[in-house]
Protein chains: 2
Amino acid sequence: MRPLYHPSLKEITVQGILYALSDPVRVCIYAELAQADSAMNCSAFLSNGNLKLPKSTLSQHFKILREAGLIRSERKGVELKNSTRCQELKKKFGPMVVGILQAYQNEPNESKH
Amino acid sequence: MRPLYHPSLKEITVQGILYALSDPVRVCIYAELAQADSAMNCSAFLSNGNLKLPKSTLSQHFKILREAGLIRSERKGVELKNSTRCQELKKKFGPMVVGILQAYQNEPNESKH
DNA sequence: CCACTAGTTCCATAATACTGAATAATGGAA
DNA sequence: TTCCATTATTCAGTATTATGGAACTAGTGG
């Protein structure tokens, strides 16, 4: 298995972030990670109420979030612990990412969780 | 030709906006419209330096921006005058859209224009 | 070593996007 | 009005990208 690639802050682009968050599943994952007080592993989303996706699809979504620079994934034994890189991103992109999260979380959308 | 559809503020969603801005061409168009002091028509982007796309493709991109609620297009004779709906969106989504624009425009990316 | 769990990779299928060509709509000139 | 130039949209074929089941890799514990 290949090592997990995390882009450096320099390599992260607005475009990459927007692309990663353009998918409903990925915003949902990201928003949940942002709200969580500790790192979550991928399989926490396997039967997570609204998200009913096979693990191969989830794995792909996590990869896209990771390679866009939105999340950090650390191996802990057999599982991956995922957390957001919000603080880092704030330094580079200002209020963009938090703005997206807030707008998403304020939205009166019932199919979110 | 069908009439141009513009969603009402209520119908505009974070997800729709993120999807619309997930494409490099569309962010480019949107950023340029946001910077322009007057409405621009579609064909202004036909041979606009970095954007070298057929008009059918551009037309599709404008449609997506419009139906996501990001821009407003008004027919003026044979052309369309496009402008952003930034002010409206600010009311509903707070700093999200402006945050995206600022981050995009601050980015030291040479292939933007 | 074997079984179990967590994620990843592969690949066939499904869904989207791109774009040249045809079409529609408008305005102006003859 | 009729014709023509201009602007933008629609259509259809092709190309690109996403999805998800099956096979696989890796770590952990018995």
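Throughout, a chain's letter reflects where its sequence line sits, starting with A, and its residues are numbered from 1.
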## Note on the structure
Rounded to whole Å, the CG-C1' distance (A:Leu58 to D:dG20) equals 11 Å

### Task
Ignoring backbone atoms, test whether A:Thr57 places a side-chain nitrogen or oxygen under 4.0 Å from the OP1 or OP2 oxygen of D:dG20.
yes

### Heavy-atom pair with the smallest gap, counting every atom of A:Ser83 and A:Ala39
CB-CB, 4.3 Å

### Query
Between atom CD in B:Glu67 and atom P in D:dT9, what is the gap in whole Å?
10 Å

### Query
What is the distance from CZ of A:Phe62 to P of C:dG7, rounded to the nearest Å?
8 Å

### Query
Is the closest side-chain donor-acceptor distance between B:Gln60 and B:Thr57 under 3.5 Å?
no

### Query
What is the distance from NZ of B:Lys81 to C1' of D:dA8, rounded to the nearest Å?
13 Å

#### Entry: OP1 or OP2 of D:dA18 under 4.0 Å from side-chain N/O of A:His61
no

#### Entry: B:Asn41 side chain, from C-beta outward: closest of D:dT9, D:dA8, D:dG20
D:dA8

### Query
Phosphate oxygens OP1/OP2 of D:dT10: is one of them under 4.0 Å from a side-chain N or O of B:Ser56?
no

### Query
Does the ring of A:Phe62 carry A:Arg26 above it, NZ/CZ under 6.0 angstrom from centre and within 45° of its axis?
no

### Query
Any Lys/Arg nitrogen of B:Glu88 or B:Arg85 sitting under 4.0 Å from an Asp/Glu carboxylate oxygen of the other?
yes

### Query
Hey, are the side chains of A:Ile17 and A:Met96 touching, using non-hydrogen atoms and a 4.5 Å cut-off?
yes

### Query
Tell me: CD1 of B:Ile64 to P of D:dA8, nearest whole Å?
17 Å

### Message
I'd like to know if A:Glu79 pairs up with A:Lys76 as an ion pair, taking the criterion as any Lys NZ or Arg NE/NH1/NH2 lying under 4.0 Å from an Asp or Glu carboxylate oxygen.
### Response
no

### Task
Go through the N and O atoms of the side chain of A:Ser59 and the base of C:dG7, and report whether any donor-acceptor pair is under 3.5 Å.
no

### Message
For a quick check of understanding: with a heavy-atom distance under 4.0 Å over all strands, which category does A:Leu53 fall into, base, sugar-phosphate or nothing?
### Response
sugar-phosphate

### Query
Between A:Lys55 (NZ) and D:dT19 (P), how many Å, whole number?
18 Å

### Query
B:Lys63 has an atom NZ; how far is it from atom C1' of C:dC18, in whole Å?
14 Å

### Nearest to side-chain heavy atoms of B:Cys42, which nucleotide of D:dA8, C:dA25, C:dA6
D:dA8

### Summary
Within residues 16-26 of chain B, the residues having a heavy atom closer than 4.0 Å to DNA chain C are B:Tyr19, B:Asp23

### Query
Distance check: side-chain N/O of B:Arg66 vs OP1/OP2 of D:dT9, anything under 4.0 Å?
yes

### 5′-ward residue of the pair B:Ser43/A:Lys76 relative to DNA chain D
B:Ser43

#### Entry: Residue pair A:Tyr30 / A:Thr84: nearest heavy atoms and the distance that separates them
CE1-CG2, 3.6 Å

### Query
Given atom CD of B:Gln60 and atom P of D:dA8, what is their separation to the nearest angstrom?
15 Å

